[in-house]
Amino acid sequence: WGLLLLAVALGVTAAARCPAPCVCDNLRAHVLCLNGSLTAIPDTIPELTRKLDLRGNSFMVIPAGAFLATPYLTHLDLQHCKVERLEEGAFRGLGRLVYLNLASNGIALLYQESLDGLFSLQQLILEGNRIEEIQPGAFGHLASLTVLDLRANALVYLPDMIFQGLQVLRWLRLSHNALHVLGTEAFAALPALRRLSLDHNELQALPGEALARLDGATRLDLGHNPITYVAEEALAMASLRHLFLDHASLQDVAPAAFARSPQLRILDLRENQLQGLPPLAGAGGLVRVSLDGNPLLCSCLLRPFHKWLARARVQAEGACAAPPALRGRSLNSLKSPEMRCSRLRPPPSPTTPPEQRSSAGSRQCPRGCVCSPDFHHGSCENRDLREIPRDFPEDTHLLDLRRNPFRTVPPDAFPGLKELVSLHLQRCSIRELQPGALRGLDSLVYLYLASNHLSTLAAAAFEGAPQLAYLDLDHNAFTRVPAGTFRLLPNLISLHLQHNTIGELVEGDLAGATGLRWLYLAGNAIRRIAPAALAPTKMLEKLQLEGNHLSEVPTAALRGLPALSELKLSRNPIKHMGDGVFLPVASSLQHLYLDNMGLERISPHAFTGLGPKIRSLYLESNKMSNIPDMSNFTGLEILNLQDVPFHCDCQLLPLHRWINKLNLCIEATCGSPAEAQGLKVKLSTTFQTCPGWGQGEAGETNPNKTKAASKPSKKKRLGKSPAKGFSKSRA
């Protein structure tokens with residue numbers, strides 16, 4: 001009874017101090033602080049709060065011990081909060097938390113202790129960040145986690161044992177990354193995993209060794225990967241029942257490809273380049289094979305497979321593409337005599353490229369350094385070394401040499417490290433990478449050179465590192481993009497050149513960067529982008545230009561970027577936006593950042609072409625008094641209009657009406673006239689004197705509209721359903 005009385009007393013105290021601008025439901029112990037101006041976690045949230053929704057704020061960093069004042073939290077939502085870093089111990093004290101949503105932020109790295117203290121956590125959502133690397137042990141404290149969502153990040157490589165500690169994880173979601181290297185022990189510590197989603201990545205071969213560790217997995221999604229061939233016994237998953245290899249680049253499948261997956265029931269091979277299949281030996285439990293969308297050649301070469309289907313009682317979905325007499329016929333309707341071989345040559349049998357596995361190498365380690373054989377890591381961080389040490393174990397995958405005054409990287413600086421994947425050279429006072437510096441690093445994917453003194457780079461420095469996908473050159477001394485550097489980097493996906501002093505982008509700067517997807521140029525001094533400067537980067541998805549000196553939207557430079565989904569122009573001195581400035585990327589753009597620019601006027605047709613695809617639009621902290629019609633932005637999840645001095649007269653009536661219809665919390669405030677100053681646009685009474693006021697407001701004159709307007713939409717406008725236990729915000 002004493003504890004009960006104490007809880008009641010604490011609840012009463014908590015009710016009296018609900019922080020602005022939050023809404024507190026003390027009966028259910030819920031607190032909502034949506035789409036507001038918060039830049040730090042409020043320290044006056046009621047202690048007994050169980051569900052805390054902080055979506056749409058601007059925290060940037062979650063510091064250590066940020067939630068120590070709310071130890072009873074079970075649900076925490078931090079979506080769209082511009083979070084870039086989780087400090088070690090950020091969630092310490094949240095031992096009761098079962099649900100954590102950090103989707104749609106800017107987190108690039110998970111530190112070893114970032115998620116410390118979350119031993120009851122069951123669901124962790126990290127979708128839509130820019131996570132490039134996960135430090136070993138990052139998930140080591142999440143012993144109760146059942147769902148881990150890492151979709152739509154920037155992962156290229158998964159090292160061995162990276163998921164160690166996730167003993168009860170059942171679903172691992174890794175879709176929509178850029179994975180093309182998986183350690184053979186990447187999934188070794190996941191005994192309870194039932195479903196693995198690896199679709200929409202860059203895997204060029206089926207990662208059989210890594211997948212063989214998943215004895216209990218029943219569903220595997222590998223669709224939308226550039227896999228061309230499935231070799232003999234390539235997949236050894238004892239419990240696998242559903243395999244999805246759709247929309248890949250498959251040209252052939254070996255007869256015994258699935259012989260070591262005896263429980264396989266459903267095989268999805270839709271939309272590949274298969275002309276046929278052999279009888280699938282050892283797949284005795286198969287029930288259905290989906291082959292729709294393949295160019296099936298229904299000749300005599302397909303007879304063995306067709307007979308096997310009948311004998312094994314396997315249902316096949318697919319239709320003939322040739323010969324012309326059988327085009328369009330379903331496989332199930334064919335009879336063997338119809339499949340003839342008139343003047344047809346059988347295609348050559350593919351050969352399986354031999355798998356090359358390097359030996360583990362010796363267990364030597366340079367003096368003064370630490371080498372971890374379990375994780376294949378080597379570290380000589382902050383040892384005051386003047387020269388790059390040698391004699392690391394040949395199977396080293398990650399090498400950390402940060403904070404040593406090397407000054408230069410000589411030719412052949414890393415001999416014998418053919419398996420090295422990640423190389424850290426930050427804060428090493430490096431002024432030069434000599435030609436051949438990275439020679440022999442055949443597997444290198446990540447190269448971190450941030451916070452050095454580099455002002456130029458020769459292309460020859462990257463000779464011998466063809467797999468390099470992530471190049472971090474932030475905080476160096478570049479005054480221009482090192483032109484020609486990227487010709488030897490055909491797999492470059494992410495380029496960081498933030499916080500240098502680059503003044504312009506000219507034609508040829510990015511020559512050779514044909515596969516680039518993410519380009520980070522924030523915090524430079526860019527005043528001009530030549531129309532053809534970005535032309536080589538036709539696959540570009542993210543372009544971050546915030547904090548530069550651009551005085552206009554670089555419309556001409558955006559032409560030829562059909563995949564661009566995110567454009568950041570924040571903190572550029574752009575005062576005026578003309579008509580159609582985003583037309584070149586209107587069909588793909590989803591996230592647009594135009595905040596903190598001192599923007600004074602937006603043309604009525606500035607957003608021409610943009611519409612339902614736009615998910616987030618940031619316009620806060622500008623000086624315009626009106627904005628264009630955005631009534632067709634029906635997919636919006638985030639709209640930030642805070643600190644914009646709107647002139648609440650009749651010209652703003654369309655915006656007032658539109659805001660009232662949105663199921664979003666929008667902090668739009670009147671700056672004038674005087675009688676409306678400080679009022680929210682949706683609450684201002686100045687619009688009531690405008691012509692057509694009564695006819696335009698739902699429920700004012702039309703009772704039928706009242707019913708429709710009061711009925712909340714099941715899907716709009718937050719785009720995604722809120723987390724379980726959280727209610728949608730009202731406008």
Side-chain angles (χ1 to χ4, degrees), residues 1-36 38-57 59 61-81 83 86-103 105 107 113-126 138-149 165-169 665 721-729:
W1 283 104
L3 289 174
L4 180 61
L5 289 172
L6 176 61
V8 171
L10 287 172
V12 172
T13 303
R17 57 186 184 96
C18 186
C22 304
V23 176
C24 297
D25 182 343
N26 292 293
L27 185 62
R28 296 192 300 166
H30 292 191
V31 175
L32 289 84
C33 310
L34 302 181
N35 302 317
L38 297 175
T39 57
I41 307 296
D43 55 6
T44 56
I45 294 172
E47 183 183 5
L48 297 183
T49 299
R50 297 187 63 191
K51 296 185 179 181
L52 177 59
D53 192 341
L54 295 169
R55 283 175 292 169
N57 287 286
F59 297 129
V61 176
I62 306 297
F67 301 96
L68 286 175
T70 51
Y72 298 97
L73 282 183
T74 60
H75 291 67
L76 176 58
D77 200 327
L78 288 162
Q79 296 180 73
H80 295 285
C81 285
V83 177
L86 303 175
E87 291 190 354
E88 295 189 359
F91 303 105
R92 199 164 287 147
L94 295 183
R96 294 175 173 83
L97 200 71
V98 297
Y99 177 92
L100 175 58
N101 196 328
L102 285 159
N105 284 291
I107 301 166
E113 303 293 334
S114 292
L115 302 168
D116 184 24
L118 298 174
F119 46 80
S120 297
L121 194 67
Q122 296 175 19
Q123 294 186 56
L124 175 58
I125 315 299
L126 288 161
F139 304 119
H141 304 282
L142 307 181
S144 301
L145 199 69
T146 59
V147 177
L148 175 57
D149 190 344
L166 303 180
Q167 294 294 309
V168 299
L169 191 73
C665 181
S721 299
K724 185 178 180 181
F726 288 96
S727 59
K728 286 187 179 180
S729 60

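For the numbers below, each heavy atom of this structure counts, side chains included, while hydrogens, waters and symmetry mates do not.
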Exercise. Hey, what do you get for CG (N57) to CD (Q79), rounding to the nearest 0.5 Å?
Worked result: 12.5 Å
For this session: Find out whether V168 and L145 are in side-chain contact, i.e. whether some heavy atom of one side chain is under 4.5 Å from a heavy atom of the other.
Result: no
For this session: Find out whether L76 and L54 are in side-chain contact, i.e. whether some heavy atom of one side chain is under 4.5 Å from a heavy atom of the other.
Result: yes
Problem set entry | Criterion side-chain contact (heavy atoms from CB on, under 4.5 Å) on L148 and L166, from CA distance to verdict | CA-CA 9 Å; L148 175 57; L166 303 180; 4.0 Å; yes
Problem set entry | Heavy-atom pair of closest approach, residues T44 and P19 | OG1-CB, 3.1 Å
Exercise. If we only count heavy atoms from C-beta on, is the I41 to F67 side-chain gap below 4.5 Å?
Worked result: yes
Seminar exercise, completed: Nearest heavy-atom contact between E47 and Y72 is O-CD1, 3.3 Å
For this session: Find out whether L38 and C33 are in side-chain contact, i.e. whether some heavy atom of one side chain is under 4.5 Å from a heavy atom of the other.
Result: yes
For this session: For T146 and Q122, indicate whether the former's side chain and the latter's backbone hold a donor-acceptor pair under 3.5 Å.
Result: yes
Exercise. Given V61 and V83, is the side-chain contact (heavy atoms from CB on, under 4.5 Å) satisfied, shown in steps?
Worked result: CA-CA 5 Å; V61 176; V83 177; over 6 Å; no
Problem set entry | Residues which pass side chain to side chain donor-acceptor pair (under 3.5 Å) with E113, listed by chain and number, not counting sequence neighbours | H141
For this session: With sequence neighbours left out, write down each residue that passes side-chain contact (heavy atoms from CB on, under 4.5 Å) with T49, or none if nothing qualifies.
Result: V31, I45, P46, L52, L73
Seminar exercise, completed: By side-chain contact (heavy atoms from CB on, under 4.5 Å), D43 pairs with (sequence neighbours left out) none
Exercise. Step by step, would you call L102 with L86 a side-chain contact (heavy atoms from CB on, under 4.5 Å)?
Worked result: CA-CA 10 Å; L102 285 159; L86 303 175; 4.0 Å; yes
Exercise. Counting N and O atoms only, with roles assigned by atom type, does the side chain of N26 sit under 3.5 Å from a partner on the main chain of A29, one being a donor and the other an acceptor?
Worked result: no
Exercise. Is there side-chain contact between L115 and L142, with at least one heavy-atom pair below 4.5 Å?
Worked result: yes
Problem set entry | With sequence neighbours excluded, residues passing side-chain contact (heavy atoms from CB on, under 4.5 Å) with T74 | R50, K51, V98
For residues 87-95, which side-chain donor-acceptor pairs fall under 3.5 Å, sequence neighbours excluded?
residue, atom, partner, partner atom, Å
E87, OE1, A64, N, 3.4
E87, OE2, R85, NH2, 3.2
R92, NE, D116, OD2, 3.0
R92, NH2, D116, OD2, 2.9

For this session: For R55 and H80, run side-chain contact (heavy atoms from CB on, under 4.5 Å): C-alpha distance rounded to whole Å, both residues' side-chain angles, the deciding distance at 0.1 Å, then the answer.
Result: CA-CA 6 Å; R55 283 175 292 169; H80 295 285; 5.5 Å; no
Exercise. Could you give the distance from OH (Y99) to CG (L121), rounded to the nearest 0.5 Å?
Worked result: 10.5 Å
For this session: Using the test disulfide bond (SG atoms under 2.5 Å apart), find all partners of C81 that sit at least two apart in sequence or belong to another chain.
Result: none
Exercise. Is the backbone of I107 close enough, under 3.5 Å, to the side chain of N105 for a donor and an acceptor to pair up by distance?
Worked result: no
